[in-house]
Number of protein chains: 2
Amino acid sequence: MAASNLVDDWAARLRKEGYRLTAPRRAVIRVLAETSTSLAPDQILRRARRYYPKTGLVTVYRTLDVLKGCGYVRKMHRLDGCHSYAPASAGHAHHIVCERCRAVMEFKGCDLDALIKSVRRRTGYLVKGHWLELSGLCPVCRKEA
Amino acid sequence: MAASNLVDDWAARLRKEGYRLTAPRRAVIRVLAETSTSLAPDQILRRARRYYPKTGLVTVYRTLDVLKGCGYVRKMHRLDGCHSYAPASAGHAHHIVCERCRAVMEFKGCDLDALIKSVRRRTGYLVKGHWLELSGLCPVCRKEA
DNA sequence: TTATTATTGAAAACAATTTTCAATAAGGAA
DNA sequence: TTCCTTATTGAAAATTGTTTTCAATAATAA
Ligand SMILES: [Mn+2]
Ligand SMILES: [Mn+2]
Ligand SMILES: [Zn+2]
Ligand SMILES: [Zn+2]
């Protein structure tokens with residue numbers, strides 16, 4: 001889906017959930033809909049202010065929480081300890097992030113069944129969830145590197 | 001390896017790397033060698049003070065950095081945003097953590113080859129690294145739950 | 001329009017981590 | 001042992017990331 005459509009789509013769905021559609025929320029949504037990389041809250045703030053200069057950092061955090069609750073964004077853990085957020089489509093998925101330019105891409109269909117079964121057998125743990133993030137080089141950086 | 005042996009082993013290896021063997025370092029090492037759960041820095045501090053009461057939080061952080069650099073502990077990301085540390089054996093491995101009692105267990109042999117190949121084909125990314133953490137119920141909690 | 005109340009942003013509070021720096025002590029040399 | 005060098009320590013202060021508070025604002029339904 002195109003970025004501009006994504007904005008409208010998310011906005012409409014937020015409305016349906018009972019949230020009010022405000023200027024700073026639109027700005028944050030637009031930033032996330034337009035990015036191809038995952039962004040930390042302060043980066044999101046800077047970009048959101050291009051669309052609505054009065055946007056506050058607190059609202060960025062609050063909007064991220066709302067969007068995360070609705071499943072539109074995914075919170076990612078970065079190696080440096082910071083957290084960043086990336087747009088996420090519906091359903092279970094993971095992200096791969098480019099080590100060089102930070103571009104992220106979502107992928108679905110993680111087949112961990114064999115791995116999980118093996119871990120279960122060897123550790124005795126009942127596996128209920130998993131956290132998986134891949135890193136590497138995006139197609140663009142692959143050529144340049 | 002038994003916990004007490006682990007302490008000596010890590011200590012000896014730190015010495016070999018040129019680090020001085022100090023009381024607070026011994027205390028932190030002992031805490032990590034003895035635990036079966038992953039621990040946050042402030043938890044490590046409290047336990048380390050049982051062995052060397054003057055231990056400071058700063059030194060806990062610094063020692064964790066040293067141990068992480070040597071590959072003796074692994075930094076884990078917790079769902080609540082905090083970070084915790086767990087003992088790690090040499091080589092590539094991952095951890096599974098119990099959702100109920102926080103007990104962690106390391107497992108080796110993560111076979112992600114098929115998954116990685118599939119992601120590479122679908123996203124165009126060259127996959128270079130992965131972050132994987134499993135969660136679930138440890139054998140003990142499994143029975144009680 | 002007006003009323004209701006969810007939402008906002010500034011400031012303060014909080015929490016995790018790092019930096020600074022003078023005092024201490026580990027380990028090699030004598 | 002004793003002495004020296006310098007890595008290491010811990011208290012305090014500084015930074016950074018995130019949350020709470022609260023009076024003012026503005027989105028929506030009536
Ligand atoms: Mn998955
Ligand atoms: Mn994290
Ligand atoms: Zn790239
Ligand atoms: Zn358990």
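All values derive from a computational prediction rather than experimental measurement.
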>> Of the listed nucleotides (dT18(D), dA12(D), dT20(D)), which one gets closest to any side-chain atom of Pro41(A)?
In response: dT18(D)
>> Using a 6.0 Å cut-off, check whether atom NZ of Lys108(B) has over 12 heavy atoms from anything other than its own residue.
In response: yes
> When you check the phosphate oxygens OP1 and OP2 of dT7(C), does a side-chain N or O of Thr22(A) lie under 4.0 Å from one of them?
Replying inline: no
>> As a check on the pairing definition, encode DNA chain C in dot-bracket form, counting Watson-Crick and G-U wobble pairs whose two distances are under 3.5 Å, and using | for partners outside this strand.
In response: ||||||||||||||||||||||||||||||
> Does Lys68(A) NZ have over 12 foreign heavy atoms under 6.0 Å away?
Replying inline: yes
> Of all the choices, dT19(C), dT5(D), dT7(C), which nucleotide is nearest to the side chain of Arg20(B) once you look at every atom?
Replying inline: dT5(D)
> Is Arg74(A) salt-bridged to Glu106(A), going by a charged N under 4.0 Å from an acidic O?
Replying inline: yes
> Under 4.0 Å between a side-chain N or O of Arg62(B) and OP1 or OP2 of dT18(C)?
Replying inline: no
> In whole angstrom, what separates Asp42(B)'s CG from dA16(C)'s P?
Replying inline: 6 Å
>> Tell me the interatomic distance from Tyr61(A), atom OH, to dC14(C), atom C1', rounded to whole angstroms.
In response: 13 Å
>> Counting the atoms with a prime plus P, OP1 and OP2 as sugar-phosphate, which does Leu21(B) contact under 4.0 Å by heavy atoms, base, sugar-phosphate, or nothing?
In response: sugar-phosphate
>> Check this one for me: any side-chain N or O of Arg15(B) less than 4.0 Å away from OP1 or OP2 of dG28(C)?
In response: yes
> Hey, which of these two, Leu57(A) or Ala23(B), hits DNA chain D nearer its 5' end, going by closest nucleotide?
Replying inline: Ala23(B)
> Looking across every strand, which nucleic acid part, if any, lies under 4.0 Å from Arg25(A) by heavy atom: base, sugar-phosphate, or nothing?
Replying inline: sugar-phosphate
>> Using whole Å, what does the distance between atom P of nucleotide dA27(D) and atom NZ of Lys16(A) come to?
In response: 21 Å
> Cut-off 3.5 Å, side chains only: do His77(B) and His83(A) have a donor facing an acceptor?
Replying inline: no
>> Let's go through Met105(A) and Arg122(B) carefully: what are the C-alpha distance in whole Å and the side-chain angles of both, what is the deciding distance for side chain to side chain contact (heavy atoms under 4.5 Å, CB included) to 0.1 Å, and is it a yes or a no?
In response: CA-CA 10 Å; Met105(A) 183 162 278; Arg122(B) 285 182 292 157; over 6 Å; no
>> Taking Arg46(A) first and then Asp42(A), would you say they form a salt bridge - that is, a charged N and a carboxylate O separated by under 4.0 Å?
In response: yes
> Roughly how many Å is it from CG in Leu14(B) to P in dA7(D), rounded to a whole number?
Replying inline: 16 Å
> In whole angstrom, what separates Glu17(B)'s CD from dT8(D)'s P?
Replying inline: 12 Å
>> Determine whether Glu34(A) and Arg47(A) satisfy the following criterion, salt bridge (charged side-chain N to carboxylate O under 4.0 Å, His left out), listing intermediate values before the conclusion.
In response: CA-CA 10 Å; Glu34(A) 285 174 346; Arg47(A) 297 192 186 191; over 6 Å; no
> Whole-Å distance between dA16(C) C1' and Met76(B) CE?
Replying inline: 19 Å
> Rounded to whole angstrom units, what separation is found between the CG atom of Leu39(B) and the C1' atom of dA16(C)?
Replying inline: 16 Å
> To the nearest angstrom, how far is Arg26(A) atom CZ from dA6(C) atom P?
Replying inline: 20 Å
